[in-house]
2 protein chains.
Amino acid sequence: MDSLTIAEQLTVHGIKPSYPRIQIYKYLYTKKNHPTVDDIYNDLIEEIPTLSKTTVYNTLNLFIEAKLVKSFNLDKNEKRYEIIIHDHSHFQCERCNKIYDIPCDDINLLPKEYEGFKVNEKQIFLKGICEECLK
Amino acid sequence: MDSLTIAEQLTVHGIKPSYPRIQIYKYLYTKKNHPTVDDIYNDLIEEIPTLSKTTVYNTLNLFIEAKLVKSFNLDKNEKRYEIIIHDHSHFQCERCNKIYDIPCDDINLLPKEYEGFKVNEKQIFLKGICEECLK
DNA sequence: ATCATATATGTAATGATTACATTTAGGGAA
DNA sequence: TTCCCTAAATGTAATCATTACATATATGAT
């Protein structure tokens with residue numbers, strides 16, 4: 001997806017496509033690495049020397065409002081962000097810390113006693129050792 | 001579980017049963033409300049006027065080391081703590097914010113492409129509207 | 001009772017996040 | 001173009017959870 005289509009994508013969701021906004025969206029879209037605000041800021045500051053962390057926060061919160069992006073917490077008190085694509089779980093390796101996206105079938109996680117509950121969102125976070133590190 | 005058995009429980013896990021430690025453990029054990037550090041501190045300060053928040057943090061981290069307690073994050077950057085009993089999910093109601101423990105059968109969440117991964121821990125966090133609030 | 005060590009406490013530092021006020025940029029109207 | 005209005009971006013300072021570290025207190029053995 002090039003900058004033009006990203007701009008369209010943002011516009012469709014009622015967001016004016018400024019340069020920082022496009023770059024942040026593109027970063028999330030192309031990197032797919034569940035970055036923290038720090039990750040995004042440190043990587044984009046070269047491309048956008050005037051970027052501020054506040055802008056990164058504001059932009060991400062704007063994207064979340066627009067349901068383009070979602071945030072989640074792993075263990076640490078530090079939010080991670082990703083483009084909303086399809087439902088999946090996160091697996092974090094305890095050795096290399098890499099985060100894997102795990103496809104997640106549409107399992108019903110509510111036993112029948114809880115069928116009166118309405119689930120709007122589910123987050124599944126797995127920890128363990130990944131295949132690479134087990135070798 | 002009275003204070004005596006809590007003291008034994010702690011001793012078995014190599015933790016000297018001081019008064020604050022017993023009270024904090026009892027709090028987690030009897031309340032079962034996924035408290036934050038602030039919750040614990042504010043509720044116990046009446047019983048233990050000399051309690052400090054640092055002690056609450058230290059004690060909880062000690063319990064986690066000993067695998068008596070685990071912590072988890074919901075949406076906010078604020079840890080919640082609970083006694084480790086059996087695997088279960090958390091459901092937080094978006095309206096009343098109450099957190100429900102949802103029994104969670106031992107579902108395998110890894111598709112077969114990921115069967116080389118070793119899962120040590122899983123956390124499932126559901127958001128939605130609870131039955132009470134739907135009425 | 002004394003001393004060594006474990007436990008608890010207080011203060012200050014850190015790091016993520018937000019609040020708020022200021023500056024900058026972009027899009028119309030004259 | 002120039003002026004003006006509003007949206008966007010920025011910087012600074014505040015807030016909140018958590019940890020680091022140094023000090024004080026309590027406990028248990030000798």
Side-chain angles (χ1 to χ4, degrees), chain A residues 3 6-7 9-27 34-66 68-82 97, chain B residues 3 6-7 10-27 34-66 68-82:
Chain A
S3 299
I6 290 178
Q9 176 81 349
L10 295 181
T11 306
V12 166
H13 286 81
I15 294 171
K16 293 204 182 165
S18 71
Y19 187 64
R21 288 174 179 176
I22 290 174
Q23 292 308 112
I24 292 171
Y25 190 93
K26 183 187 280 184
Y27 184 87
H34 320 86
T36 63
V37 165
D38 248 52
D39 294 334
I40 299 172
Y41 176 78
N42 290 326
D43 283 0
L44 287 185
I45 190 67
E46 297 175 15
E47 173 72 25
I48 319 172
T50 61
L51 184 67
S52 82
K53 241 180 226 185
T54 309
T55 299
V56 178
Y57 277 108
N58 288 344
T59 304
L60 289 170
N61 287 334
L62 193 67
F63 288 170
I64 289 174
E65 281 287 313
L68 284 168
V69 165
K70 70 176 176 179
S71 75
F72 58 95
N73 281 86
L74 299 182
D75 264 3
K76 289 181 60 184
N77 281 4
E78 186 183 32
K79 290 216 174 88
R80 293 178 173 276
Y81 298 85
E82 67 181 358
N97 286 319
Chain B
S3 299
I6 288 177
L10 295 181
T11 307
V12 166
H13 285 80
I15 295 171
K16 293 205 179 163
S18 71
Y19 187 64
R21 289 174 178 178
I22 289 173
Q23 292 309 113
I24 291 171
Y25 189 92
K26 184 188 279 185
Y27 184 88
H34 319 85
T36 63
V37 165
D38 247 53
D39 294 334
I40 299 173
Y41 176 78
N42 290 327
D43 283 359
L44 288 184
I45 191 67
E46 297 175 15
E47 173 73 23
I48 319 172
T50 61
L51 185 67
S52 82
K53 241 180 225 185
T54 309
T55 299
V56 179
Y57 276 108
N58 289 343
T59 304
L60 289 170
N61 287 334
L62 194 67
F63 289 171
I64 289 173
E65 281 287 314
L68 284 168
V69 164
K70 71 174 176 180
S71 74
F72 57 96
N73 281 85
L74 300 181
D75 263 4
K76 290 179 59 183
N77 280 5
E78 186 183 30
K79 289 217 175 83
R80 293 177 174 276
Y81 299 85
E82 67 182 358

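Chain letters run A, B, ... following the sequence lines, proteins first, then strands; residues in each count from 1.
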How is [X] classified with respect to the nucleic acid when contacts are heavy atoms under 4.0 Å: base, sugar-phosphate, or nothing?
| X | value |
| --- | --- |
| B/Lys79 | sugar-phosphate |
| B/Asn61 | sugar-phosphate |
| B/Thr50 | sugar-phosphate |

Can you tell me the distance, in whole Å, between the [atom1] atom of [X] and the [atom2] atom of [N]?
| X | N | atom1 | atom2 | value |
| --- | --- | --- | --- | --- |
| A/Ile22 | D/dA8 | CD1 | P | 12 Å |
| A/Tyr81 | C/dA16 | OH | P | 11 Å |
| B/Tyr41 | D/dA17 | OH | C1' | 15 Å |
| A/Tyr57 | D/dA14 | OH | P | 18 Å |
| B/Leu51 | D/dT25 | CG | P | 16 Å |
| A/Phe72 | C/dA16 | CZ | C1' | 16 Å |
| B/Arg21 | C/dA6 | CZ | C1' | 8 Å |
| B/Ile24 | C/dT7 | CD1 | C1' | 12 Å |

Closest heavy-atom contact between B/Leu51 and B/Ile45?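 Where B/Leu51 meets B/Ile45 most closely, the heavy atoms are O-CD1, 3.6 Å.
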Check A/Val56 against A/Ile24 and note the closest heavy-atom contact, atom names and distance.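 Heavy-atom minimum between the residues: CA-CD1, 4.0 Å.
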Please figure out whether A/Thr55 or B/Lys53 has its closest DNA chain D nucleotide nearer the 5' end.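 Checking each residue's closest nucleotide, the 5'-ward one belongs to A/Thr55.
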With a 4.0 Å cutoff (strictly under), does any side-chain N or O of B/Asn77 reach OP1 or OP2 of C/dT17?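 Affirmative; the distance criterion is met.
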Would you call B/Lys79 and A/Asp75 a salt bridge, taking side-chain N to carboxylate O under 4.0 Å as the test?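 Looking at B/Lys79 and A/Asp75, the cut-off is not met.
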I'd like to know if the side chain of B/Tyr19 pairs up with that of B/Glu47 as donor and acceptor (distance under 3.5 Å, no hydrogens or angles considered).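 Yes, because at least one side-chain N or O of B/Tyr19 sits under 3.5 Å from a partner of the opposite role on B/Glu47.
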For residues B/Thr55 and B/Asn58, is any side-chain donor paired with an opposing acceptor at under 3.5 Å?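 On atom types as modelled, these side chains do not qualify, holding no pair under 3.5 Å.
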Among C/dT9, D/dG11, C/dA16, the one nearest A/Glu78 by side-chain distance: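 Given the options C/dT9, D/dG11, C/dA16, the side chain of A/Glu78 is closest to C/dA16.
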Which nucleotide sits closest to the side chain of B/Lys16: D/dA17, C/dA6, D/dT10?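 Looking only at heavy atoms from C-beta outward on B/Lys16, the closest nucleotide is C/dA6.
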Let me know, please, whether B/Ile48 or A/Asp38 comes out on the 5' side of the other along DNA chain C by nearest nucleotide.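 Here B/Ile48 is the residue nearer the 5' end.
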